[in-house]
J.: 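Have a look at this one before I ask anything.
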Amino acid sequence: MAAMFTCCLGYCCGDGGSDHKPLKEMPTVQLDTHHMGADVVVVKRGRRICGSGACLANAPLHQNKSYFEFKVQSTGVWGVGVATQKVNLNQIPLGQDSHSLVLRHDGSVYHNNEEKNCLPANSVPQEGDIVGLTYDHVELNLYLNGKNMQCPASGIRGTVFPVVYVDDSAILDCQFSDFYHTPPQGFEKILFEQQIF
């Protein structure tokens with residue numbers, strides 16, 4: 001009996017049971033250095049982009065209602081939004097084809113080379129501002145420093161990823177969790193799709 005207790009205790013405490021496998025840690029959502037333009041630089045553990053070109057995040061927007069943020073660290077030419085993996089990450093600004101839907105630094109929202117909407121007057125993001133985005137597989141909505149800009153845009157189809165592009169000395173930081181502002185009701189951070197066996 002004592003031997004059985006010791007064996008069970010050893011297994012529970014990690015001393016035995018060689019077939020025990022530790023739980024896998026969920027990956028972190030960040031910028032994907034395998035899906036970025038040739039002149040893009042990604043630093044700060046996949047959270048800051050600079051250089052010239054675009055970069056996708058490493059997680060698609062599978063859930064119904066996703067929220068993510070970008071902080072404008074340094075102004076220049078930039079854009080944020082969603083894109084498919086077919087987007088040309090070296091050709092900026094994005095929004096010129098059917099593979100991206102983005103807010104550009106001038107406050108306009110483009111998809112398929114068509115202006116879909118624009119931010120209200122005097123609402124163009126400046127250095128230090130936080131741009132929040134919600135996406136529900138139909139509409140992309142924009143928030144500036146936590147305030148809804150009432151600037152919906154739609155039209156993109158297929159599996160999309162968060163996307164950001166920079167040029168002309170722009171630097172942006174990405175927040176895929178630990179947000180500056182509380183996500184709108186019903187929206188949450190991007191979740192990796194889990195496989196159930």
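What you see is a predicted model, and the numbers here were worked out from it, not measured in a lab.
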J.: Got a second to check how far Ser108's OG is from Leu103's CG, nearest 0.5 Å?
T.: 7.0 Å
J.: Compile the donor-acceptor pairs under 3.5 Å between side chains in residues 49-61 and protein atoms, sequence neighbours left out, one pair per line.
T.:
| unit_1 | atom_1 | unit_2 | atom_2 | d |
| --- | --- | --- | --- | --- |
| Ser52 | OG | Asp167 | OD1 | 3.0 |
| Asn58 | OD1 | Gln30 | N | 2.9 |
| Asn58 | ND2 | Thr28 | O | 3.0 |

J.: Do Phe70 and Val40 land in one hydrophobic cluster if side-chain heavy atoms of ILVMFWY residues count as linked below 4.5 Å?
T.: yes
J.: Got Leu119 and Pro125 here, is their nearest side-chain heavy-atom distance under 4.5 Å?
T.: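 In contact.
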J.: Quick check: does any side chain N or O of Glu69 sit under 3.5 Å from a backbone N or O of His181, one acting as donor and the other as acceptor?
T.: yes
J.: Rounded to the nearest 0.5 Å, what's the gap from NE2 on His62 to CG on Leu191? Could you check?
T.: 11.0 Å
J.: Give the minimum heavy-atom separation between Lys189 and Ser177, together with the two atoms involved.
T.: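 Smallest heavy-atom distance, with atoms named: CD-CB, 4.0 Å.
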J.: Are a donor atom and an acceptor atom from the side chains of Glu139 and Asn141 found within less than 3.5 Å of each other?
T.: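 There is such a pair (donor and acceptor under 3.5 Å, judged by atom type) between the side chains of Glu139 and Asn141.
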J.: In Å, rounded to the nearest 0.5 Å, how long is the span from OG1 of Thr134 to CG of Leu142?
T.: 7.5 Å
J.: Is there side-chain contact between Tyr165 and Arg104, with heavy atoms separated by less than 4.5 Å?
T.: yes
J.: When the ring planes of Phe176 and Phe68 are compared, do they come out parallel, tilted or perpendicular, using 30° and 60° as the limits?
T.: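 Phe176 vs Phe68 ring planes: tilted.
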J.: Establish whether Leu172 and Val87 are linked, either directly or via other cluster members, by ILVMFWY side-chain heavy-atom contacts under 4.5 Å.
T.: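 No, Leu172 does not connect to Val87 through the hydrophobic network.
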J.: Hey, quick one: are Tyr67 and Ile190 part of the same hydrophobic cluster, counting side-chain heavy atoms closer than 4.5 Å, chains of contacts allowed?
T.: no
J.: Please tell me if the side chains of Val164 and Trp78 come closer than 4.5 Å, counting only heavy atoms from C-beta onward.
T.: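 Counting from C-beta outward, Val164 and Trp78 never come under 4.5 Å.
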J.: Around Asp178, counting heavy atoms of other residues, nucleotides and ligands shown, do more than 12 lie under 6.0 Å from its CG?
T.: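 Incorrect, the count does not exceed 12.
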J.: For the backbone of Gln73 and the side chain of Asp173, can you confirm whether one donor and one acceptor N or O come within less than 3.5 Å of each other?
T.: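 No, Asp173 side chain to Gln73 backbone: no donor-acceptor pair under 3.5 Å.
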J.: Does the Ser74 side chain pair with the main chain of Ser169, one donor and one acceptor, at a distance under 3.5 Å?
T.: yes
J.: Between Val109 and Leu94, is there shared hydrophobic-cluster membership here, with clusters defined by ILVMFWY side-chain heavy atoms closer than 4.5 Å?
T.: no
J.: For residues 143-162, tabulate all N or O donor-acceptor pairs below 3.5 Å that involve a side-chain atom, not counting sequence neighbours.
T.:
| unit_1 | atom_1 | unit_2 | atom_2 | d |
| --- | --- | --- | --- | --- |
| Asn145 | OD1 | Ile130 | N | 2.8 |
| Asn145 | ND2 | Asp129 | OD1 | 3.0 |
| Asn148 | OD1 | Gln150 | N | 2.8 |

J.: Out of curiosity, Leu101 CG to Leu133 CG, how far, rounded to the nearest 0.5 Å?
T.: 9.0 Å
J.: Among the clusters formed by ILVMFWY side chains lying less than 4.5 Å apart, do Leu89 and Ile92 turn up in the same one?
T.: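 Yes; Ile92 is reachable from Leu89 via cluster members.
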J.: Between Glu114 and Lys116, is there a salt bridge with N-O shorter than 4.0 Å?
T.: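 A salt bridge is present here (some side-chain N lies under 4.0 Å from a carboxylate O).
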J.: Assess whether a salt bridge exists between Asp136 and Lys65, defined as any Lys/Arg side-chain N lying under 4.0 Å from an Asp/Glu carboxylate O.
T.: no
J.: So, do Val72 and Gln126 sit near enough that their side-chain heavy atoms are less than 4.5 Å apart?
T.: no
J.: Does the side chain of Met36 reach to within under 4.5 Å of the side chain of Leu31, using non-hydrogen atoms?
T.: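 A side-chain contact is absent here, since even the closest heavy-atom pair is not under 4.5 Å.
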J.: Mind checking the CG-CZ spacing from Asn64 to Phe187? Nearest 0.5 Å is all I need.
T.: 9.5 Å
J.: I'd like to know if the side chain of His111 and the backbone of Ser100 have a donor-acceptor N/O pair within less than 3.5 Å.
T.: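 Such a contact is found between His111 side chain and Ser100 backbone.
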